[in-house]
J.: 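Please find one structure pasted underneath; my questions will follow.
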2 protein chains.
Amino acid sequence: MSSGKREEAQPLATTSPPGSENLLYLTDDQLRRGIEAMFFAYRGFTADPDRILERHGYGRAHHRAVHFINRQPGTTVNNLLDILGVTKQSLNRVLRTLIEDGLVESRVGTRDRRERHLYLTEAGRALENELSEAQRRRMRAAYRAAGPEAVAGFRKVLEHMMDPELRRQFHSIREGR
Amino acid sequence: MSSGKREEAQPLATTSPPGSENLLYLTDDQLRRGIEAMFFAYRGFTADPDRILERHGYGRAHHRAVHFINRQPGTTVNNLLDILGVTKQSLNRVLRTLIEDGLVESRVGTRDRRERHLYLTEAGRALENELSEAQRRRMRAAYRAAGPEAVAGFRKVLEHMMDPELRRQFHSIREGR
DNA sequence: AATTTACGTCAGCGTTGTTGACTTTCCAAG
DNA sequence: CTTGGAAAGTCAACAACGCTGACGTAAATT
């Protein structure tokens, strides 16, 4: 298999465009490099929080919950389920430990008393900040090193990589309430 | 987005730069948006392969193994461990099923008979292509929609997000052998 | 009054990470 | 040549965190 140079080994190849325009950045090899870059970068992206979480006895699922509760204080369980894209059983396990440990407070809704509104406690905010701080530090370094135009491009590509539904949710997250 | 409001809710805030340059893209809020974009985009990034893998009864770990074996045919288990960043026990389980199912071939090393050199079989290449094809399709669409300059920026930021060691590995992956 | 919705929980399973203990193989020092 | 250690790989058991299914309860809706 290894023999030759080109990509001939691919039987179902979709290699070069037939119209053969000058879109070098769309070759299969460039796309593969992008895929690998995404893989390695995501590892870096989660490395710092992972270390912190381990010290506290939590996992990534806890991080995600804490992050989005901080982002939308008072959010309901159902809303969080939509954002995180997991089952309620899975989320519940995580939320239960966070509530037991006093990082998250669950208040029964006033308008609709079936709903539980979630808030970070002081301790919860402290953990969130520790995690976020570490992640922002890395992000800031990457942004700074790459420069503003690169950041704009980065954000643009990421947005187009999302599923349309997730993209809506991404845009529906705002400051404050 | 979020026009007027500040980020006063953070007690331990590291918000605005003291030197107060014009680096809008480095505000904590922009960084948080970037973090969330990464989160949602990665979901999209893995969504298509996940569906395919499920049909075949595999998981993401299988995808990663198949991907990098395809990328570096004849690679050893140890080399793969470095790239994937998991324990050999974890990788071994995945490799075993792939070998049993006839997607991967493991050849004892000639120079050092402790080593196993890994190759995709015809069936393995078929699966790799199916997965890669789906992922490349999404990547291509995102690249095309964002344009060449955005792609360059995307790649630049991702590179700076990697751990230095991972970045070296990223660059050490090449075509052919 | 009946149905639907929001939430919580129990039970059980699969993937994928972990550590610990073991075999086989290689190599170098005695 | 032998021996002891390092390296590559395998087996066993456990934990985190996804999943499905079933059930219960309270509250809103029809």
Side-chain angles (χ1 to χ4, degrees), chain A residues 39 42-43 46-47 49-69 74-101 104-119, chain B residues 39 42-43 46-47 49-69 74-101 104-118 131:
Chain A
F39 171 69
Y42 200 78
R43 286 252 298 276
T46 55
D50 281 352
R51 271 187 291 271
I52 295 168
L53 289 160
E54 197 189 3
R55 287 209 313 270
H56 291 260
Y58 294 125
R60 272 186 211 177
H62 300 85
H63 184 187
R64 293 193 283 267
V66 163
H67 175 97
F68 285 107
I69 293 173
T75 186
T76 63
V77 173
N78 240 358
N79 185 19
L80 211 47
L81 286 179
D82 275 350
I83 292 173
L84 297 178
V86 298
T87 60
K88 65 175 176 179
Q89 294 92 328
S90 195
L91 176 58
N92 189 260
R93 186 178 2 185
V94 169
L95 278 182
R96 200 189 315 156
T97 71
L98 289 174
I99 292 170
E100 280 171 4
D101 295 350
V104 168
E105 191 188 350
S106 167
R107 301 185 200 153
V108 173
T110 51
R111 224 195 51 195
D112 185 335
R113 285 168 46 195
R114 291 172 305 179
E115 294 179 339
R116 307 297 143 89
H117 297 273
L118 304 169
Y119 300 89
Chain B
F39 172 68
Y42 200 78
R43 286 252 297 274
T46 55
D50 281 353
R51 272 187 289 273
I52 294 168
L53 289 160
E54 197 190 2
R55 288 207 313 270
H56 291 260
Y58 294 126
R60 275 186 209 175
H62 300 85
H63 183 186
R64 293 194 282 265
V66 163
H67 174 96
F68 285 107
I69 293 172
T75 186
T76 63
V77 172
N78 234 5
N79 184 18
L80 212 47
L81 286 179
D82 276 349
I83 293 174
L84 298 178
V86 298
T87 59
K88 61 181 175 176
Q89 294 89 330
S90 192
L91 175 59
N92 187 259
R93 181 177 17 196
V94 169
L95 280 181
R96 199 190 317 154
T97 71
L98 289 174
I99 292 169
E100 281 172 4
D101 296 353
V104 168
E105 191 189 351
S106 166
R107 300 186 202 153
V108 174
T110 51
R111 225 194 48 193
D112 185 337
R113 282 167 47 197
R114 293 172 301 180
E115 295 178 341
R116 305 298 141 90
H117 297 272
L118 303 169
L131 293 166

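Just so we're on the same page: letters track the sequence lines, and every chain starts at 1.
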J.: Using whole Å, what does the distance between atom P of nucleotide dT15(C) and atom OH of Tyr58(B) come to?
T.: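 Distance, rounded to whole Å: 11 Å.
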J.: To the nearest Å, how far apart are Gln89(A) CD and dG21(D) C1'?
T.: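 Rounded to the whole Å, the gap is 8 Å.
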J.: Let me spell it out: for each of Arg114(A) and Leu95(A), pick the nucleotide of DNA chain C with the closest heavy atom. Which residue's pick is nearer the 5' end?
T.: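 Result: Arg114(A).
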J.: Counting only side-chain N and O atoms of Asn92(A), is one of them less than 4.0 Å from OP1 or OP2 of dC7(C)?
T.: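 No, outside the criterion.
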J.: Could you tell me how far apart Leu80(A) (CG) and dG18(D) (C1') are, to the nearest whole angstrom?
T.: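 That distance rounds to 16 Å.
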J.: Map Arg60(A) and Thr110(A) onto DNA chain D by nearest heavy atom, then report which one ends up closer to the 5' terminus.
T.: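 First, find each residue's nearest nucleotide; the 5'-ward one identifies Arg60(A).
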J.: Measure the spacing between OH of Tyr58(B) and OG1 of Thr97(B) and express it to the nearest 0.5 Å.
T.: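 Between atom OH of Tyr58(B) and atom OG1 of Thr97(B) there are 5.5 Å.
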J.: Send over the distance from His63(B) NE2 to dG17(C) C1', rounded to a whole Å.
T.: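 From His63(B) NE2 to dG17(C) C1': 19 Å.
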J.: Which pair of heavy atoms, one from Ser106(A) and one from Arg116(A), lies closest together, and at what distance?
T.: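 Of all heavy-atom pairs spanning Ser106(A) and Arg116(A), the closest is OG-CB, 3.5 Å.
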J.: In whole Å, I'd like the distance from the CZ atom of Arg93(A) to the C1' atom of dA11(C).
T.: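 Computing the Arg93(A):CZ to dA11(C):C1' distance gives 12 Å.
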J.: Would you call the rings of His67(B) and His63(B) parallel, tilted or perpendicular if under 30° counts as parallel and over 60° as perpendicular?
T.: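 Judged by the thresholds at 30° and 60°, the geometry between His67(B) and His63(B) is perpendicular.
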J.: Grab the CG-C1' distance between Asn79(B) and dG9(D) for me, whole Å please.
T.: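 Between C1' of dG9(D) and CG of Asn79(B): 15 Å.
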J.: Identify whether any heavy atom of Arg111(B) sits under 4.0 Å from a base atom; if not, whether one sits that close to sugar-phosphate; answer base, sugar-phosphate or nothing.
T.: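 No contact.
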J.: Give the nucleotide from the list dC7(C), dT18(C), dC19(D) with an atom nearest to the side chain of Val77(A).
T.: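 Of all the options, the side chain of Val77(A) is nearest to dC7(C).
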J.: Does Arg43(B) use its side chain to pair, donor to acceptor, with the backbone of Leu84(A) at less than 3.5 Å?
T.: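 Confirmed, Arg43(B) side chain pairs with Leu84(A) backbone.
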J.: Check the orientation of Tyr42(B) and Tyr42(A). Use parallel for under 30°, tilted for 30 to 60°, and perpendicular for over 60°.
T.: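 Ring orientation of Tyr42(B) relative to Tyr42(A): parallel.
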J.: I want to check one thing: is the phosphate of dG18(D), taken as OP1 and OP2, less than 4.0 Å away from some side-chain N or O of Arg64(A)?
T.: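 Answer is yes, contact under 4.0 Å.
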J.: Nearest whole angstrom, please: distance from the C1' of dG17(C) to the CG of Leu91(B).
T.: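 Those two atoms, CG and C1', are 12 Å apart.
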J.: If the cut-off is 4.0 Å, is His62(A) near the phosphate of dA16(D), judged by side-chain N/O to OP1 or OP2?
T.: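 Checking His62(A) against dA16(D): no side-chain N or O falls below 4.0 Å of OP1 or OP2.
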J.: Calculate the interatomic distance between Arg113(A) atom CZ and dA28(D) atom P; express it in whole Å.
T.: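 Interatomic distance, CZ of Arg113(A) to P of dA28(D): 7 Å.
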J.: From the options dC19(D), dA28(D), dA6(C), select the nucleotide whose nearest atom is closest to the side chain of Glu115(A).
T.: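 Selected nucleotide: dA6(C).
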J.: Taking any heavy-atom pair under 4.0 Å as a contact, classify Thr76(B): base, sugar-phosphate, or nothing.
T.: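 Thr76(B): no heavy atom of the nucleic acid under 4.0 Å.
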J.: For the side chain of Ser90(B), counting heavy atoms from C-beta on, which of dG17(C), dG9(D), dC7(C) is nearest?
T.: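 Ranking dG17(C), dG9(D), dC7(C) by closest atom to the Ser90(B) side chain puts dG17(C) first.
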J.: With a 4.0 Å limit, can you tell me whether Arg96(A) has a side-chain N or O closer than that to the phosphate oxygens OP1/OP2 of dT9(C)?
T.: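 So the side chain of Arg96(A) is within the cut-off, an N or O lying under 4.0 Å from OP1 or OP2 of dT9(C).
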J.: Both Lys88(A) and Gly57(A) contact DNA chain D. Which one's nearest nucleotide lies toward the 5' end?
T.: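 Nearer the 5' end of the strand: Gly57(A).
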